[in-house]
Every structure is written in C-alpha cells, then in structure tokens.
Chemist: 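Below is a structure I'd like to ask you about.
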There are 2 protein chains.
Amino acid sequence: MKYIIKDLKIKGVTLTPQRMAIIEFLKSNLNHPTAEDIYKALEEKYPSMSIATVYSTLELLKANGYIQELSIRKRGKACFDFTSKNHHHFLCLKCDNIIDIESECINTCPIVKAGQLEGCKVGEIQAYLYGVCSECNKNTIKKNKNK
Amino acid sequence: MKYIIKDLKIKGVTLTPQRMAIIEFLKSNLNHPTAEDIYKALEEKYPSMSIATVYSTLELLKANGYIQELSIRKRGKACFDFTSKNHHHFLCLKCDNIIDIESECINTCPIVKAGQLEGCKVGEIQAYLYGVCSECNKNTIKKNKNK
DNA sequence: TCTTAGATTAAAATCATTTCAATTCTAAAA
DNA sequence: TTTTAGAATTGAAATGATTTTAATCTAAGA
C-alpha cells in the first residue's frame, strides 16, 4: 500500500483524494470489485466523484502494475485484483464469488515450464477454475439432510 | 458436425439455413471467431441475415454444449470455440491470436485432482497463457538479425 | 498572484449485446 | 396440397459497461 503511494509520487503522479480513496478501497476489499462496486462504495464520502474517475484511476493502477484486471467478468463487468502476485481464481457457479488460489501447482505444468509450446514464449498464466465453493457445498449437504 | 444436426433434430430444434450456415462456419473456422466475425463472413451469402440471429444461434449452440464461449475476449468481444472438449488457450500479445492447447497437464494439477481446494468442488478449468507465439517470435529474431 | 499542466466532472458517445414487435418461415395436421 | 400454430428471423430500438469530450477545477511553480 504505502509503496504504491511512494512509487506513484516518484513517478510524478498526482495523488488526489479520489485516487487515494480508490487505492485504499482496493487494498481493503480483496473480493475483486468492479468499477461500479468502487464507485458505489465511495459515493457517500465523495458525492461529487464521477465514475469516469474510477475508470481512469483503475487504468492508471493497471498500467503501473499495482492491480490486475481479471480475464473473466462478474455479471458482464470487469473486475480487479489488488495484487501483482501471480495467482489463480476459483469461480463459484452458485454464489458468483471469486476466490483466490495461491497454489503454484499450475505454474509447474511441465509443458509450460519447458517452454515447449511449439516455440511460444509463455509469460503469464491465468487459470480459472469453475465449480461450487465450500460454503455452497455445505449448504447443499444441509438441504439434502433436511429432506 | 453431422451429430450436431442429428442431435438438434432429435431435440426438436428447427434447422434453418441460417443456423446451418453458422454451424458450418464454426466447424471450419476454429480460430475462435466472434459474433461479428461470423456475421461478416456470412453477409455475402445471406445478405438479409441479422446479427441478432447470429447471437441467438450462438446462445442455442452454447446452451446445448456444442460450442464454448471463452472466458477471455477478443478486442472486447466474446469469442467462441467449436468444441466441448476441455482444453486451454494461449494468447499472443503481439498478434492477438488465440491458440488452442491440447495439453492435459494443467488438469493434472495435484491440488485440483485431490479436490483439496478447501472443500471446493472443481468442475472445469480454463487456463489462459499469455505470451508471444512462435510466429511472432520468429519475426522478432529476424528483425534483430537485420539490425 | 498568475500560469499551466494535469485531474475531475457530467454529459454525450461508443460499442457489444439483448430485447422487441412485426413479419416470415417451418413443420405438422387437416 | 392447404392450413395453421408455433417458432425463427429481422431491423430497429433499448440496454449497459466503458470511453471520450469539453468545461471546470486544483495545485505547484514562476
């Protein structure tokens, strides 16, 4: 967090209250918010803020590598991840939640490691796992028991 | 291909010329076309066809499991894969091409296999590899040699 | 204080996709 | 073959996320 502020200052980027608030929000909301999520959350404290500012700040943070835009979308909307660390995502098909997967296992995929992909140079991997999360699984089991 | 036609007939789905043409196109264009790609390609032969028909047919084929919509988008547009077979995708950051990866290696990821994902039930995995494809790699090397 | 570049804003524009109502087509029954 | 009901297609309009625009504001340096 701090390093972002410092970094951006060094880069000569103006740190407006809006930008600070968006960075702060992203830091404390790791549940992959959309631009709208951010806008709505900050609406109260910054009533005059425009959604265009949210978009432009997200673009700025993305371009500087502080956040990642996921390849997948939440109800048609782009969503963002406050980290540059390489990790993967699990999507619950029941509750729509996106859960981070810290596992390195996908990166150890032999074909990728060996760079054997027919001469391709692989930089980044984003894996999306679709399924039912533990919370939703529990609920299903409960329901079945009650029957 | 044939089985789709047969299958759909059994299911009582009407096989209009437009639908046939779209299925045919998808079959012979495995480069992950978008709705627009399909529309433009069929424009000449079916001048009266509406883009709405393309979208609705894609939806129909998707719902019946004959095609897959990728999680990633091509220049902001949804793109489709004529297969129900589980595989992954490589995205060239230089030429925007999407290349199929037939490898099973990602699916053998130990954590996923063991279903140990904190109680999650993993159904499908879609991995997206970002990098530079062999073709673009070659071109870069050539350019460097010429310098 | 004045100037200026960059940031913010609200509104308009864009663009992919969906919806809608009217028309046309299809397939099965008569 | 003709009829007919239901489904599909069409073009246009609506939607919704995102981007662009032009005007206004802000903060830092001269």
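Just so we're on the same page: letters track the sequence lines, and every chain starts at 1.
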Chemist: Which atom pair, heavy atoms only, marks the closest approach of Ala127(B) to His88(B)?
Modeler: N-ND1, 3.1 Å

Chemist: Can you check whether Cys136(A)'s main-chain N or O pairs, donor with acceptor, with Asn139(A)'s side chain at less than 3.5 Å?
Modeler: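 No, Asn139(A) side chain to Cys136(A) backbone: no donor-acceptor pair under 3.5 Å.
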
Chemist: Starting at NZ of Lys77(B) and ending at C1' of dT18(C), how long is that distance when rounded to a whole Å?
Modeler: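 Roughly 17 Å, once rounded to whole Å.
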
Chemist: Enter the inter-axis angle for the ends of the helix from dT1(C)-dA30(D) to dA30(C)-dT1(D) (five pairs per end, rounded to 10°).
Modeler: 10°

Chemist: Which part of the nucleic acid, if any, lies within contact of Pro17(A), taking any heavy atom under 4.0 Å across all strands shown: a base, the sugar-phosphate backbone alone, or nothing?
Modeler: nothing

Chemist: Under 4.0 Å: is that the gap between some side-chain N or O of Arg75(A) and OP1 or OP2 of dT17(C)?
Modeler: no

Chemist: May I ask you to say what Thr14(A) touches in the nucleic acid, namely base, sugar-phosphate or nothing, with a heavy-atom cut-off under 4.0 Å?
Modeler: sugar-phosphate

Chemist: Could you tell me whether the phosphate oxygens of dA7(C), OP1 or OP2, come under 4.0 Å of any side-chain nitrogen or oxygen in Thr16(A)?
Modeler: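 No, Thr16(A) has no side-chain N/O under 4.0 Å of OP1/OP2 on dA7(C).
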
Chemist: Within the structure shown, what part of the strands sits under 4.0 Å from Glu36(B) by heavy-atom distance: base, sugar-phosphate, or nothing?
Modeler: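 Here Glu36(B) touches no strand at all.
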
Chemist: I want to check one thing: is the phosphate of dT17(C), taken as OP1 and OP2, less than 4.0 Å away from some side-chain N or O of Tyr55(B)?
Modeler: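 Answer is yes, contact under 4.0 Å.
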
Chemist: Under 3.5 Å, side chain of Asn137(B) to main-chain N/O of Ser134(B), donor-acceptor pair present?
Modeler: no

Chemist: Walk me through it: do Asn97(B) and His32(B) pass the test side chain to side chain donor-acceptor pair (under 3.5 Å)?
Modeler: CA-CA 9 Å; Asn97(B) 256 3; His32(B) 315 90; over 6 Å; no

Chemist: Are any of the side-chain nitrogens in Glu43(A) or Lys40(A) under 4.0 Å away from the carboxylate oxygens of its partner?
Modeler: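 Judged by the 4.0 Å cut-off on N to carboxylate O distance, Glu43(A) and Lys40(A) do not form a salt bridge.
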
Chemist: So Ser48(B), base contact, sugar-phosphate only, or nothing? Heavy-atom distance under 4.0 Å.
Modeler: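 The residue Ser48(B) makes sugar-phosphate contact but no base contact.
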
Chemist: If a pair satisfies side-chain hydrogen bond (donor to acceptor under 3.5 Å, both in side chains) and one of its residues is in residues 48-59 of chain B, list it, with sequence neighbours excluded.
Modeler: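 As it turns out, there is no side-chain hydrogen bond (donor to acceptor under 3.5 Å, both in side chains) pair with a partner in residues 48-59 of chain B once direct neighbours are skipped.
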
Chemist: So for atom NZ, which belongs to Lys45(B), do other residues, nucleotides or ligands contribute more than 12 heavy atoms lying within a distance under 6.0 Å?
Modeler: no

Chemist: Starting from C1' on dT8(C), measure out to CD on Glu59(A) and report it in whole angstrom.
Modeler: 17 Å

Chemist: Ile67(A) and side-chain contact (heavy atoms from CB on, under 4.5 Å): which single residue from Asp81(A), Ile4(A), Leu58(A), Ile23(A) fits?
Modeler: Leu58(A)

Chemist: To the nearest angstrom, how far is Tyr46(A) atom OH from dA7(C) atom C1'?
Modeler: 15 Å

Chemist: In whole Å, I'd like the distance from the CD1 atom of Ile51(B) to the P atom of dT17(C).
Modeler: 8 Å

Chemist: Name the first nucleotide and the last nucleotide along DNA chain D (5' to 3') that come under 4.0 Å of a heavy atom in chain A.
Modeler: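 Both ends considered, the range comes out as dA17(D) to dT20(D).
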
Chemist: Parallel, tilted or perpendicular: which one describes the rings of His89(B) and Tyr128(B), with boundaries at 30° and 60°?
Modeler: parallel

Chemist: Using heavy atoms to find the nearest nucleotide of DNA chain C for Ala78(B) and Gln18(A) separately, return the residue whose nucleotide is more 5′.
Modeler: Gln18(A)

Chemist: Can you tell which of dT17(C), dA10(C), dA7(C) lies closest to the side chain of Arg73(B)?
Modeler: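 When the side chain of Arg73(B) is considered, dT17(C) is the closest of dT17(C), dA10(C), dA7(C).
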
